[in-house]
Number of protein chains: 2
Amino acid sequence: MNADTNPFNRHFDHLETLADTIGESLRAPVTIEDAGHRLLAYSKHDPKTDPARIATIIGRRVPENVVGSLWRDGVIPKLMETDEPVRVRSIDEVGLGDRVAVSIRQNGRVLGYIWALEVERKLDDDALHLLKAAAEAAKIKLLRLQSQKRKEDEERRDLFWELLTDRHPSGPQAKTKAESLGIRIPDATAVVVVQFAADVEEALHQSIHYIVTSSRRVRPLLHVVSGSQLIVLTEASAGPRFEADASEFVGSLLRQLGERLANAPLAAGIGSVQEDAAAVGQSYREALALVRIKRQFPAETGAMTFYRELGFYRHLPYLVEQKKLHRYENAALKRLRAYDREHHANLVETLETFLARDGNAKEAADMLHVHANTLAYRLKRIAEIGGIDFGDVDQKITLYLDLKTDKWSGTTERL
Amino acid sequence: MNADTNPFNRHFDHLETLADTIGESLRAPVTIEDAGHRLLAYSKHDPKTDPARIATIIGRRVPENVVGSLWRDGVIPKLMETDEPVRVRSIDEVGLGDRVAVSIRQNGRVLGYIWALEVERKLDDDALHLLKAAAEAAKIKLLRLQSQKRKEDEERRDLFWELLTDRHPSGPQAKTKAESLGIRIPDATAVVVVQFAADVEEALHQSIHYIVTSSRRVRPLLHVVSGSQLIVLTEASAGPRFEADASEFVGSLLRQLGERLANAPLAAGIGSVQEDAAAVGQSYREALALVRIKRQFPAETGAMTFYRELGFYRHLPYLVEQKKLHRYENAALKRLRAYDREHHANLVETLETFLARDGNAKEAADMLHVHANTLAYRLKRIAEIGGIDFGDVDQKITLYLDLKTDKWSGTTERL
DNA sequence: TCGACATGAGAATCGGGGTACCGAAAGAGA
DNA sequence: TCTCTTTCGGTACCCCGATTCTCATGTCGA
């Protein structure tokens, strides 16, 4: 094919122009997608089309089920291996008509795909040759687009980290910088952190991006995956309205991530709503603390979503640190532990349950599967051995906090 | 009186030698005291003497009651005004026989006193002249003694502050330095802090010194008055034995200081026992924190003596700091306060009492002088308005801590 | 090796007291 | 005047707490 017969051997200012040119040359509706099946451009003046294409254009992305069936049928794998056009038979279940696809590749790496529908006519060999030439032309555009996009992504990510680490001295300054990157920071924001069991592989970033951005209830402004955490900056507002929405958002995030990813999320939490863009870091630190504490005390804090719900638990990291720093150990607990060890008793567990049940002997007894009198007896022993006065609230609270602290510091090494 | 007839016109290597020389010249028992009536030297070979002198020599200090009666009789004031010998008539109640005293003065400032007893014979004018000359000779010795003592005191004080502020990198190093000042730092020490209502005037340091050093139960190593605080480093040991002694020591310190000083002590506390001399600062900071918290929560912590008794109260300064830093306010308490303000109710007080009484409705009702059912009703309202679940221990503890924190932060400005 | 004894652990019984629930009545505010 | 809030009396019920008893375990000395 020489230059005269290659209609794509010229400069295209927009990807849309290229799509139109391909469409006209092939006399077929054409869509151009990136490697993640997001719509980049599509030819206009298409007389006919199929449901899958409509859904793709409306959603600006190939529907998940279509992508899924294309994977199952081996179409995508085949496209990823060859530069040659691949003919795809219609798949009625997902509204996919006959079509031809060609991958846009660079050094074996897929940059995107061009799809040509065979709604009006079957594409002959000439058309397939044209399609291959079109892929070559699209490659140049996609490479430029990608490098541009990557640069923008990097700048956004840098901005996000700057916000998270409080690098901007003032809110307005941060907002100005954000606007130069096309991001409008609203009056109130909050940070969401989702903790995964292990580091999130690069391959999953795409799915996470999709799940985060497809949210309806709250508007995510920026997000980044860092190690085993997903961090999201969302628009916020004061009041229960936002709380409900945010709660719903985090819930659906966890659900969707859990369903689609093998590396399931363990916990998620939201920092306080900040009205100053320069205080995003505050919200971030709170969300981090929340997630950390939720992992440590799933039974106690598992249901919490917002930092302020933590109550005194938010001070636990400090208490643990102090305990280590001062080599502090509650004298009463020390004695009780020694007794437990020597007599194979479980006074500490009994005390813990009793305190957790708010001093309700009956409930605690039921919880421990012992007779109420047994519990009464044990409490008497605990008071004797530990030198504890159960009438003193302060002592009880001290014990409760020390028990929690010990629980944490005993297991926190792995974190 | 020329040089030949003045037996004191020579060098005395020790104050004792001077005392003996005076005694022999006057043929009378002689004692030399400093301005605080501490015994500096006394003549030997005294055939007779009186009970007051014996007590002075035994106690190395003029007994308090003797000093008191000398003040009342105007002897001391007179001595402070003149260089001339003053004749003192016997005061039988305190075992004081006839004697003559002369003050040792420098620029109108009293450095000490010489006392000569008239047990064997009345002192004639010649003897009084000799006594005046003796005072002149003693002045030289006392001035040197005082400058030397002051220097030692300063070095001791410096060492103490170095210990209190953890300036010594290692325990052995600190001990070596202490030994060079004649202080043996024992294996275990603890710091006691006594807080006064106002700054302690210079004039009271003497009395404080006496009270501290006259302790029997524990051995004070160093002490210093700093602003409105008295800081004492004491020998310590692990175990209940020391705890009882130390408790007794602090108790008697407070009692004696309270009795003798107009500027009464407000609180006192002991930091943890430290086995490393380089960790004295730790004990000091704990004692400081204890005293600070005891002042803030006298009802709750007034009976405490040791830092570890504080329980969770030891974290209150941090909690208050965090509250200010994060502008945190418990949402439930905020609503309850708003309700109290609008409806002239006292839900917060009710809640506080209920929590302080450990959820015992009857006791709390009695404390508030309301019917038990009234309290039950109020608690129902509190739960509604504040969104509190009284079945949740964590919520209750959070509320309790936040109430304490608010109480502190509301009044802490004056400290 | 045995029984006597002490101690620890748990269970049965029962009386007094605290709590939950209902309702009446007084007070405050619209 | 009506309604909501607040207080407090009455009552039934259940829980706690003290006492006592049983049973297992361990430790002596004979």
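Below, chains carry the letters A, B, ... as their sequence lines are ordered, and counting in each starts from 1.
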Open item on the list: Please classify the nucleic acid contact of A:T374 as base, sugar-phosphate, or nothing, using heavy-atom distances under 4.0 Å.
Closed with: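 Sugar-phosphate: the residue A:T374, judged by heavy atoms under 4.0 Å, touches backbone atoms but no base.
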
Open item on the list: Under 4.0 Å, heavy atoms only, any strand: does A:F390 hit a base, just the sugar-phosphate, or nothing?
Closed with: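 Answer is nothing: A:F390 stays at 4.0 Å or more from every strand.
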
Between [N] atom [atom2] and [X] atom [atom1], what is the distance in whole Å?
X	N	atom1	atom2	answer
A:K380	D:dC16	NZ	P	16 Å
B:R381	D:dT7	CZ	C1'	13 Å
B:N346	D:dT6	CG	C1'	11 Å
B:E342	D:dC4	CD	P	18 Å
B:L379	D:dT7	CG	P	12 Å
A:E363	D:dC14	CD	P	15 Å

- [ ] Taking the side chain as every heavy atom from C-beta outward, state whether B:E286 and B:F306 have any atom pair closer than 4.5 Å.
- [x]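 They are not in side-chain contact.
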
Open item on the list: Does any part of the side chain of A:V218, heavy atoms only, come nearer than 4.5 Å to the side chain of A:E235, both counted from C-beta?
Closed with: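 With C-beta onward as the side chain, the pair stays apart.
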
- [ ] Answer yes when A:E243 and A:R308 have at least one side-chain N-carboxylate O distance shorter than 4.0 Å, and no when they do not.
- [x]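 Looking at A:R308 together with A:E243, the answer is yes, because their closest N to O distance falls below 4.0 Å.
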
Open item on the list: Any salt bridge linking B:E300 with B:K407? Criterion: basic side-chain nitrogen under 4.0 Å from a carboxylate oxygen.
Closed with: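 B:K407 and B:E300: salt-bridged.
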
Task: Along DNA chain D (nearest heavy atom to each residue), the more 5'-positioned of A:K362 and B:H371 - done: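 Closer to the 5' end of DNA chain D: B:H371.
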
TODO: Tell me which of A:A361 and B:V370 sits closer to the 5' end of DNA chain D, going by the nucleotide each one is nearest to.
DONE: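 Comparing both residues, the 5'-ward one is B:V370.
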
Open item on the list: Between B:F390 and B:F354 (judged by ring centroids, cut-off 6.0 Å), do the two rings come close enough to count as a pair?
Closed with: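 Yes: the rings meet the under 6.0 Å criterion.
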
Open item on the list: Of all nucleotides in DNA chain C that come within under 4.0 Å of a heavy atom of chain B, which is furthest toward the 5' end and which toward the 3' end?
Closed with: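 With heavy atoms of chain B under 4.0 Å away, the range is C:dG18 to C:dC21.
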
Open item on the list: What verdict does the side-chain contact (heavy atoms from CB on, under 4.5 Å) test give for B:Y339 and B:R381, after you've listed the backbone C-alpha separation in whole Å, the side-chain angles of each residue and the deciding distance to 0.1 Å?
Closed with: CA-CA 10 Å; B:Y339 190 92; B:R381 295 303 326 271; 3.4 Å; yes

Open item on the list: On DNA chain C, does the nearest nucleotide to B:H344 precede the nearest nucleotide to B:G359 from the 5' side, or the other way round? Give the residue.
Closed with: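 Per heavy-atom nearest nucleotide, the more 5' residue is B:G359.
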
Task: Check: D:dG9 base within 3.5 Å donor-acceptor of B:N373 side chain - done: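 Between D:dG9 and B:N373, which were checked side chain against base, a qualifying N/O pair under 3.5 Å is present.
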
Task: Any B:Y377 side-chain N or O less than 4.0 Å from OP1/OP2 of D:dT7 - done: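 So the side chain of B:Y377 is outside the cut-off, no N or O lying under 4.0 Å from OP1 or OP2 of D:dT7.
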
- [ ] Determine: side-chain N/O of B:R378 to OP1/OP2 of D:dT6, distance under 4.0 Å, yes or no.
- [x]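 No, no such contact exists.
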
Task: More than 12 heavy atoms from other groups under 6.0 Å of CD on A:E275 - done: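 Not more than 12 within 6.0 Å, no.
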
Task: Candidate nucleotides D:dA18, D:dC16, D:dT6, ranked by approach to the side chain of A:N360 - the nearest - done: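 Selected nucleotide: D:dC16.
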
